[in-house]
Enquirer: 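Attaching a single structure in structure tokens format; questions to follow.
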Amino acid sequence: MQSGNRGVGYGVEGTLTAKNSTVTTVGVGGTICVAVASHKAYRMPADSMYMPLHVGKAAHPDVDLGAAFVTDDTGDNISDLNNYYSELTGLYWLWKNKHTPYKGLAHYRRHFETKNVATRLGKRDRFDKVVGHEEALAALHDCDIILPRHRNYVIETVYSHYAHTFDARQLHEMRKILQAQQPEYVAAFDTVMRGTKAHMFNMMIMSEERFDEYCAWLFPLLFELQKRIDPAQYDAFNARYPGRVSEMMLDVWLFTNGYAYKEFPVISPEPVNWVKKGSAFLAAKFGGNKYSKSF
């Protein structure tokens, strides 16, 4: 288990000091594979680095998204746990079955957006604003990791927001697991919980070394959490808690190891109803109304 700088926080653009973070830009052919997790047929980015991935195929064997989609039920997989792990069944499949210098995960409704101002302002089609392989490779030239721009809860800490919207026992139990199995990560866990910012959505592009290292650390923790808190006790929406808890674990791993990263904006192909999302956020904080559906 690698360990590094502890108690670090957010800089302007991942101002953490990387350890052994040496990247050589090579030819594009097969260099980056970003799986786009989806449970239904949906338009995909045109760039060749994107791989449509049908997640939860084992749970829905009769659903066929077409030949363009790779399915997460082949090879070493946890596809049948998709009702609990959401897009993480895709993350697991990439870890175990895809070998390419860089790999990553996005969602059919969330993508990394280009930083090119002319493209962002001049293009109407949102898919034209999704980052391509050349821009991604350039960003990876001096770091191993691309992440979505952190979310800032402003009036909530990461912990309080989760406690207001979901079952906080899940976070308490995860801390106990870390204390028992990975105590060097507890300080970063506490820092993340007390903070107001986090890299959410389980979106990332990493070197294969970092990607596989992260997954090898993350999944045993989540499997132990699942043993301690059975997702079957919840309704379908809340049973997906392992996937939600994992969103906060990324920064715990990142900050403990001190790896350098770069942030990209996130773009949705569909308009986001910020009034609805904001109203639900405030209702959870001030009215005690826990989330019962995605927004």
Enquirer: Please work out whether the ring planes of H199 and H150 are parallel, tilted or perpendicular, with thresholds of 30° and 60°.
Expert: perpendicular
Enquirer: Is N202 reaching over with its side chain to a backbone N or O of L105, donor-acceptor style, under 3.5 angstrom?
Expert: no
Enquirer: Mind checking whether M248 and Y162 have side chains closer than 4.5 Å, heavy atoms only?
Expert: yes
Enquirer: Would you call the rings of W95 and Y92 parallel, tilted or perpendicular, where under 30° means parallel and over 60° means perpendicular?
Expert: perpendicular
Enquirer: Please report the shortest heavy-atom distance between A35 and L53, naming the atom on each side.
Expert: CB-CD2, 3.9 Å
Enquirer: If you look only at pairs with a residue in residues 217-233, which of them pass as a salt bridge (Lys or Arg N to Asp or Glu O under 4.0 Å), with sequence neighbours excluded?
Expert: E173-R228, E224-R228
Enquirer: If you apply the rule ring-ring contact (aromatic ring centres under 6.0 Å, His included), what do you find for Y185 with F189, and how did you get there?
Expert: CA-CA 6 Å; Y185 286 89; F189 181 87; over 10 Å; no
Enquirer: Decide yes or no on salt bridge (charged side-chain N to carboxylate O under 4.0 Å, His left out) for D128 and R120, but give the supporting numbers first.
Expert: CA-CA 8 Å; D128 289 336; R120 294 176 67 180; over 6 Å; no
Enquirer: Does any N or O in the side chain of D167 come within less than 3.5 Å of the main-chain N or O of R169, such that one atom is a donor and the other an acceptor?
Expert: yes
Enquirer: Show the numbers, then the answer: is there a ring-ring contact (aromatic ring centres under 6.0 Å, His included) between H172 and Y159?
Expert: CA-CA 10 Å; H172 299 165; Y159 172 81; 5.6 Å; yes
Enquirer: Between N77 (side chain only) and W93 (backbone N and O only), is there a donor and an acceptor less than 3.5 Å apart?
Expert: no
Enquirer: Can the ring centres of H39 and Y108 be said to be less than 6.0 Å apart?
Expert: yes
Enquirer: Is there side-chain contact between Y42 and L65, with heavy atoms separated by less than 4.5 Å?
Expert: no
Enquirer: In the structure I gave you, are the side-chain heavy atoms of R244 and F166 within less than 4.5 Å of one another anywhere?
Expert: yes
Enquirer: Are F264 and L147 close enough that some pair of their side-chain heavy atoms sits under 4.5 Å apart?
Expert: no
Enquirer: So which of Q226, M174, R240 actually passes side-chain contact (heavy atoms from CB on, under 4.5 Å) with V245?
Expert: M174
Enquirer: Looking only at heavy atoms, what is the nearest atom pair of S160 and E156, with distance?
Expert: OG-OE1, 2.6 Å
